[in-house]
Participant: 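Got a structure here, written out as structure tokens. Questions coming.
In this text, all values refer to a predicted model and were calculated from it rather than measured experimentally. Lettering follows sequence order; numbering is per chain, from 1.
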Number of protein chains: 2
Amino acid sequence: MSSSSSGSSGSRIAQGARARARMEVTAAIKDEARRQLAAEGAAKLSLRAVARELGMVSSALYRYFPSRDDLLTALIIDAYDSVGESAEAAHAEAVDAEAGPVRRWVAVAEAVRGWALRHPHEYALIYGSPVPGYVAPQTTVPPASRVGLLLIGIVREAHHGGGLAELPPVPAELAPEAERMAADLAPDLPPAAVAALVAAWAQLFGLVGFELFGQFHRVVEDRERFFRHAVGRLACGVGLVEAER
Amino acid sequence: MSSSSSGSSGSRIAQGARARARMEVTAAIKDEARRQLAAEGAAKLSLRAVARELGMVSSALYRYFPSRDDLLTALIIDAYDSVGESAEAAHAEAVDAEAGPVRRWVAVAEAVRGWALRHPHEYALIYGSPVPGYVAPQTTVPPASRVGLLLIGIVREAHHGGGLAELPPVPAELAPEAERMAADLAPDLPPAAVAALVAAWAQLFGLVGFELFGQFHRVVEDRERFFRHAVGRLACGVGLVEAER
DNA sequence: TCCATGCAAGAGCAGTGCTCTCGATTGTGT
DNA sequence: ACACAATCGAGAGCACTGCTCTTGCATGGA
């Protein structure tokens, strides 16, 4: 933007052409890596091939990403942000349409599924098997939480708007854990609802993963309708009810 | 098949020392590969390292497995069989203990979870992201179905024993698909139960996968109890009720 | 016993992640 | 305006991978 020269008055972007170029090259590397990821999968993603396609030599790439795993980490964070953004957009749209809690829940779930079908390899990267010796750095936590936070928000709003049915309390042996989870995630919700919510969150991705990874092959054919029905029942299991209006 | 020649009196094992040696070497390769798989994960599994550890040269290994992917396929089939066997054993034990449908369901689910925790990399191999360009050959289908068939069997027995609650019928838009699935999987069960069962099947592995792949990190602490409760509710969702006796 | 088969060994190819060094370009401080 | 220093790209090189091909040996089956 504001080229600058002396002033550097503006924001911290465009602070020097060097940094700009670095950002651009970094973005180009990630773009090309994403292309190869979508084309061949994470295992076939090769630093040398990325560099080759960008017309540079492989060693130059290490100026931008210290290792292949670091490049993967960057792609993982972007993928979490991407699916989170899709889900948030779908949620906002449902809110604009004055949809009730169940329809909001289903909208978010369908957004996640749609994103997964559009980016199968990126989905595998974040919700499939983790790469071998790789441990996710703390940086990935906030982007990874976006979908979960969205689901929590739906349930919380339903609770305060009267759209959350009473759930049977959790059995005594789970009560401490449920209360701990509730305190951490949503202190204003009953522990039984939080426990059901966390389970539904995992189960939602079980449905998406099974479809994406081929376990529904020759089992479920009309996957879109099946998914909508299943996540609808999931919403009921959390206690969401479509408020009358 | 029929070995022919002279006697061949015995079973089809021990038909020639040559074939025997081949079987043994094949098993040794798979064992060593499984060790490396457990130690480092599928991506780090190297044909050369396996051969090196076995004291042979890498090219010799290709006499037994035409490619690395074929070795992986063999491990995948073994893994499906292994988890299926664990689940079946747990089910048989529950049957011996005269447990009702819900307890049988939970026993199978906990067996799957336990196996997954004991063999995380093998679990990732079969229920995580599929390997890049790899498509599972038809040979993997029967072993991959064992857990699913077990769950179907539990629901079917419950249905015939009066331990299956009536489920609300599926909405009209899903009725054809539910009927088709029922016809394929369990013609004696109501379509709504089959649809719920398939969904619960996927959701069960969603719970296991989220725990195994670290998504429950700092979210769920007492995972064993949480899992037991969640799969219990899953069983209820399918319609299973603990029969009084 | 003799032959043919099955098998291991070795060399070799193309590709990978990653390291190191060496010029050259570039931005900045004096 | 000049020189210094930081940054970056290129190239060579190491150790490793999956996989192929040929050669020679040992063994199993008749």
Participant: Glu53(A) versus Val50(A): any side-chain heavy-atom pair under 4.5 Å?
Facilitator: no

Participant: Residues from residues 32-39 of chain A sitting under 4.0 Å of DNA chain D, heavy atoms only?
Facilitator: none

Participant: Using heavy atoms to find the nearest nucleotide of DNA chain D for Ser58(A) and Arg63(A) separately, return the residue whose nucleotide is more 5′.
Facilitator: Arg63(A)

Participant: Kindly state each residue pair satisfying ring-ring contact (aromatic ring centres under 6.0 Å, His included) with at least one member in residues 63-84 of chain A, sequence neighbours excluded.
Facilitator: Tyr80(A)-Tyr127(A)

Participant: Looking only at heavy atoms, what is the nearest atom pair of Leu207(B) and Gln203(A), with distance?
Facilitator: CD1-NE2, 3.6 Å

Participant: Check whether any side-chain nitrogen or oxygen of Ser46(A) sits under 4.0 Å from OP1 or OP2 of dG15(C), and answer yes or no.
Facilitator: no

Participant: Just to be sure I understand the geometry, which residues of residues 48-55 of chain B put a non-hydrogen atom under 4.0 Å away from DNA chain D?
Facilitator: Arg48(B), Arg52(B)

Participant: What's Phe65(A) touching, base or sugar-phosphate or nothing? Going by heavy atoms closer than 4.0 Å.
Facilitator: nothing

Participant: dA8(C) base to Ser59(B) side chain: any donor-acceptor pair below 3.5 Å?
Facilitator: no

Participant: For atom CZ of Arg118(A), is the number of surrounding heavy atoms from other residues, nucleotides or ligands below 6.0 Å larger than 12?
Facilitator: yes

Participant: I want to check something: taking the side chain as every heavy atom from C-beta on, are Glu122(A) and Leu75(A) in contact at a cut-off of under 4.5 Å?
Facilitator: no

Participant: Please state whether the phosphate of dA8(C), meaning OP1 or OP2, lies under 4.0 angstrom from any side-chain nitrogen or oxygen of Tyr62(B).
Facilitator: no

